[in-house]
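Input: a single structure, listed below in structure tokens.
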Amino acid sequence: MTGDARVHRPDSLEETTALLRDLDDAMVYGGGTAIQILRKQGLLFTEDYVDIARVPGLTDVVVTDDTVRIGALTPLRRVETDTRVRQLIPLASETYGHVANPRVRNTASAGGNIAHGDYRLDPPTALAVLDATVELTSSTGVRHVSIREFFTDFQETAIEHGELITAISVPAQPARARGAFAKMRALSRNDWPSASAAVLAVPDDGFIEIRIGLGAVAPTTVYLAFDLTADMDEQQAVDAAIDIANSAMDPIPDVRGSAAYKAQLGRVAVEEAVRRCLKEFARD
Ligand SMILES: Cc1cc2nc3c(=O)[nH]c(=O)nc-3n(C[C@H](O)[C@H](O)[C@H](O)COP(=O)(O)OP(=O)(O)OC[C@H]3O[C@@H](n4cnc5c(N)ncnc54)[C@H](O)[C@@H]3O)c2cc1C
């Protein structure tokens, strides 16, 4: 770390939460991929960083029959490639595999990714449709927040002073569910999205629940859902998904496109992901 930053390197979770409680304005240092760039750009003036690399247990990925518990410091690349994770939550593995490039994915952590709070992040779209839960730990205990409520506003999250993310728990994808992630980029193959969509189609009694997570088209990740009834064909499913997505999109114009362009790419991403899910059912 360059400049006048003080880096604290606690050896335990207790030490970490005590530092985060006692220091006024400390930031947790995860993989450092966002922090290093923001510091180099002169956009980050925090003096105290709490590097959690020595804290035991934060890179554990615990897979049971019905849940994957991803330790906060687990590299994104591991969520992408771990075979047990791929079996239980294939949509999450697919989506994590779309972040930036392998170099970033090998360094960036699962906790740092969501804590970063950027509205364009890819993983939260899949985590939202999979109904993941964020585990937040402080010196007073542990609390759990649904990922669907974790992003509270533009660049803001539910993390409170003194807390760090210790894990993300993701329920197993229902066996008959099918998922797909579509990412539309305006600049290069490894770039941030102009729009993205994760879709999970979950068959139920006589209908299919269509869950949609949208990235980059509103100030926060968006979560939406509707039921697809037995009398609706694929085109009607796509039309319904686009209708509900339209009502939630509020894109921020920037170098990756105007608001209208991003909204159009949002519609394309939703259509692509919905069609891919439904085609999987047809193949089964
Ligand atoms: C070139 C480049 C391209 C990128 N493209 C994409 C993309 O296409 N899609 C995408 O989704 N992302 C993209 N990213 C963002 C990338 O996903 C994030 O930089 C990364 O996930 C942040 O993780 P980290 O562990 O490095 O976080 P850090 O840089 O360590 O921290 C980021 C923020 O999270 C906080 N934090 C870290 N860990 C914790 C924790 N355990 N508890 C609480 N707070 C914590 C830090 O205090 C800081 O505020 C890109 C990044 C780069 C550098």
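None of the values given here were measured: they were computed from a predicted structure. Whatever order the structure lists them in is the order used to number ligands and atoms, beginning at 1.
The pair Glu271-Arg267 fails the salt-bridge criterion, with no side-chain N (NZ, NE, NH1 or NH2) lying under 4.0 Å from an Asp/Glu carboxylate O. Between Arg211 and Asp131, no side-chain nitrogen of the basic residue sits less than 4.0 Å from a carboxylate oxygen of the acidic one, so the salt-bridge criterion is not met. Asp191 and Arg256 are joined by a salt bridge, as a carboxylate oxygen and a charged side-chain nitrogen come within less than 4.0 angstrom of each other. We find that Asp48 and Arg6 are joined by a salt bridge, their nearest charged nitrogen and carboxylate oxygen being less than 4.0 Å apart. Ion pairing between Arg276 and Glu94 holds under the 4.0 Å rule for side-chain N and carboxylate O.
Residue contacts with ligand 1 leave out Glu163, since none of its heavy atoms falls under 4.0 Å from the ligand. Put simply, no part of Leu73 is less than 4.0 Å from ligand 1, judged by heavy atoms.
For ligand 1, one of its N or O atoms has an N or O atom of Ile35 under 3.5 Å away. Backbone and side-chain nitrogen or oxygen atoms of Thr107 are examined, and none is located within less than 3.5 angstrom of a nitrogen or oxygen of ligand 1. Taking distance alone, with nitrogen or oxygen atoms compared against 3.5 Å, His98 stays at or beyond that limit from ligand 1. Between Ala115 and ligand 1, not a single N/O pair is under 3.5 Å apart. For a threshold of 3.5 Å applied to N or O pairs, the pair formed by Gly30 and ligand 1 contains at least one separation below that value. When only interatomic distances are considered, the shortest N/O to N/O separation between Val28 and ligand 1 falls below 3.5 Å. Below 3.5 Å of separation, one finds an N or O of Ile165 facing an N or O of ligand 1. Residue Leu76 has no N or O atom closer than 3.5 Å to an N or O atom of ligand 1. Backbone and side-chain nitrogen or oxygen atoms of Gly32 are examined, and one is located within less than 3.5 angstrom of a nitrogen or oxygen of ligand 1. The N/O atoms of Tyr29, backbone and side chain alike, include none that comes under 3.5 Å of an N/O atom in ligand 1.
Between Tyr119 and Phe154, the ring planes are tilted. Angles from 30° to 60° get that label.
Residues Met184 and Val268 are in side-chain contact: their nearest non-hydrogen atoms beyond the backbone lie under 4.5 Å apart.
If you number the atoms of ligand 1 from 1 as listed, the ones under 4.0 Å from a heavy atom of Lys183 come out as 7 (C), 8 (O), 9 (N). Close approach of ligand 1 to Leu164 is summarised as follows: ligand atoms under 4.0 Å from at least one heavy atom of the residue are 42 (N), 43 (C).
At a heavy-atom cutoff of 4.0 Å, ligand 1 is contacted by no atom of Arg39, backbone or side chain. Contact annotation: for Ser109 versus ligand 1, heavy atoms closer than 4.0 Å belong to both the backbone and the side chain. At a heavy-atom cutoff of 4.0 Å, ligand 1 is contacted by the backbone of Asp191 but not by its side chain. When heavy-atom distances to ligand 1 are checked against a 4.0 Å cut-off, Asp118 has no atom that comes that close, whether in backbone or side chain.
When hydrogens are left out, the protein atom nearest atom 11 (O) of ligand 1 is Asp122 N, 2.8 Å; that is the closest non-hydrogen contact.
The number of heavy-atom neighbours closer than 6.0 Å to CZ of Arg103, taken from other residues, nucleotides and ligands shown, is 12 or below. Around CG of Asp24, the count of heavy atoms belonging to other residues, nucleotides or ligands within 6.0 Å does not exceed 12.
Judged purely by atom type and a 3.5 angstrom limit, Glu209 has no side-chain atom pairing as donor or acceptor with the backbone of Asp204.
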**Report entry** His144 vs Leu136, side chain to side chain contact (heavy atoms under 4.5 Å, CB included): CA-CA, chis, key distance, verdict
**Finding:** CA-CA 6 Å; His144 297 93; Leu136 295 165; over 6 Å; no
